[in-house]
Structures are given as structure tokens and as C-alpha cells.
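These notes concern the structure reproduced below.
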Amino acid sequence: MPNSKAYLLRDNNAVYGKLFYQVDNKEFTININDDVDLKTAPLMISAFVSDEDRTIPPAWAKKWVNGRIIPSSRVNIASILAKNDMSEYDEMQMLLYTNGRCPQDEMWIEEVV
């Protein structure tokens, strides 16, 4: 993917795949690793494990991201943005702010260098 960034989706036990973020159009996709099965996959990822190409398309990948970030509708969002030197709400910046963590699972993101 041209002009994109990649992040491992991981926890202490496994790497589940890669999140790709296309900078130009702010689009997300997720590729699930071949060794991930229904027993080991986190909930949102497990729905796509049986797909032959093991890719979570942009609309669903964005839902995964939105489930892990502070929503733009949060009452004190302006304060959160200001404390983090953000001039506007950006989903990718929010994902980086939370390191991709959420209370539903033990996963986080780790940039692929």
C-alpha cells in the first residue's frame, strides 16, 4: 500500500495480524495472520478468520478502530485534544493515543518499522 503505515495487532501471547492505515484517504484495513484460528482470535477478528483472503475490509476495520478509541462525541473531547496537542479529531491519532488498547481484550498495536 503506497503511503501507508502498518501496525501489528498483538497481545502478550500472539500477533493476530496487521492493521494498515492509508494516510492519503485515512482508510484502515486489517490482514489476519494465517496461524490465527477461531479459538484464538479476538471477537471482531474471529468473524473474518474463515475468509479465504483473511482481510478485514475498510468499513469493518474502521469499526474495529472506533471500538478502541475515544469517540468524537465525548463531552470533554476538546479538553482531550488540547492535552494531546491535537488541533482536530483524527481517528488514527486517537488510536495511537490509546496504543490501540480497549477494555474488551488484551490487544494493542505496535508500529512495524
Side-chain angles (χ1 to χ4, degrees):
M1 286 184 196
N3 202 15
S4 68
K5 295 183 178 191
Y7 301 85
L8 297 177
L9 303 178
R10 63 171 308 133
D11 63 18
N12 287 329
N13 301 313
V15 174
Y16 299 100
K18 286 184 183 169
L19 170 73
F20 293 95
Y21 176 68
Q22 194 162 353
V23 177
D24 295 339
N25 62 2
K26 297 184 176 191
E27 187 174 85
F28 300 95
T29 55
I30 297 172
N31 290 348
I32 304 167
N33 287 352
D34 289 337
D35 61 341
V36 175
D37 60 27
L38 286 173
K39 294 178 189 173
T40 60
L43 184 59
M44 177 74 159
I45 291 174
S46 67
F48 295 89
V49 166
S50 62
D51 288 356
E52 208 167 288
D53 67 2
R54 299 176 74 88
T55 299
I56 299 176
W60 284 101
K62 185 174 180 175
K63 287 179 189 239
W64 182 86
V65 168
N66 285 329
R68 307 185 86 74
I69 61 175
I70 299 165
S72 60
S73 60
R74 187 160 164 173
V75 173
N76 65 338
I77 194 68
S79 173
I80 293 168
L81 294 176
K83 285 181 182 178
N84 292 285
D85 297 322
M86 295 172 65
S87 58
E88 62 184 38
Y89 186 87
D90 180 86
E91 290 165 329
M92 188 65 213
Q93 290 302 314
M94 282 293 161
L95 188 66
L96 293 173
Y97 171 70
T98 63
N99 203 29
R101 293 185 184 270
C102 78
Q104 285 82 17
D105 57 43
E106 300 295 320
M107 289 176 51
W108 69 85
I109 61 170
E110 183 177 297
E111 186 170 9
V112 176
V113 186

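Just so you know, residue 1 is the first one in the sequence shown, and it goes up from there. Values below: every heavy atom of this structure, side chains too, minus hydrogens, waters and symmetry copies.
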Which donor-acceptor pairs under 3.5 Å do side chains of residues 104-113 form with protein atoms, sequence neighbours excluded?
unit_1: Asp105; atom_1: OD1; unit_2: Arg68; atom_2: NH2; d: 2.7
unit_1: Asp105; atom_1: OD1; unit_2: Met107; atom_2: N; d: 3.0
unit_1: Asp105; atom_1: OD2; unit_2: Arg68; atom_2: NH1; d: 3.2

Can you tell me which residue among Val65, Ile56, Asn66 is in a side-chain contact (heavy atoms from CB on, under 4.5 Å) with Phe28? Val65
Are Leu38 and Trp64 linked, directly or through other ILVMFWY residues, by side chains that come within less than 4.5 angstrom of each other? yes
Minimum heavy-atom distance between Val15 and Arg10, given as atom pair plus value: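 That closest heavy-atom pairing would be CG2-NH1, 3.7 Å.
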Give the minimum heavy-atom separation between Cys102 and Gly67, together with the two atoms involved.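 In terms of heavy atoms, the two residues are closest at CB-O, 4.0 Å.
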Distance check, rounded to the nearest 0.5 Å: [X] atom [atom1] versus [Y] atom [atom2]?
{"X": "Leu8", "Y": "Lys18", "atom1": "CG", "atom2": "NZ", "result": "6.5 Å"}
{"X": "Tyr21", "Y": "Leu95", "atom1": "OH", "atom2": "CG", "result": "10.0 Å"}
{"X": "Ser4", "Y": "Glu27", "atom1": "OG", "atom2": "CD", "result": "11.0 Å"}
{"X": "Ile30", "Y": "Thr55", "atom1": "CD1", "atom2": "OG1", "result": "10.0 Å"}

Can you tell me which residue among Asn33, Asn31, Asp35, Asp11 is in a side-chain hydrogen bond (donor to acceptor under 3.5 Å, both in side chains) with Tyr16?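 Exactly one option meets the side-chain hydrogen bond (donor to acceptor under 3.5 Å, both in side chains) with Tyr16, and it is Asp11.
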Crowded around Asp34 CG? As in, over 12 foreign heavy atoms under 6.0 Å?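 Result for CG/Asp34: open.
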Answer yes or no: is there a donor N or O on one side and an acceptor on the other, between the side chain of Asp37 and the main chain of Lys39, under 3.5 Å? yes
Please identify each residue that fulfils salt bridge (charged side-chain N to carboxylate O under 4.0 Å, His left out) with Lys63, with sequence neighbours left out.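 None.
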Taking only distance into account, with no hydrogens and no angle test, what donor-acceptor pairs under 3.5 Å do side-chain atoms of residues 77-90 form with protein atoms, sequence neighbours excluded?
unit_1: Asn84; atom_1: ND2; unit_2: Ile80; atom_2: O; d: 2.7
unit_1: Tyr89; atom_1: OH; unit_2: Ile70; atom_2: O; d: 2.5
unit_1: Asp90; atom_1: OD1; unit_2: Lys26; atom_2: NZ; d: 3.1
unit_1: Asp90; atom_1: OD2; unit_2: Met92; atom_2: N; d: 3.2
unit_1: Asp90; atom_1: OD2; unit_2: Gln93; atom_2: N; d: 2.9

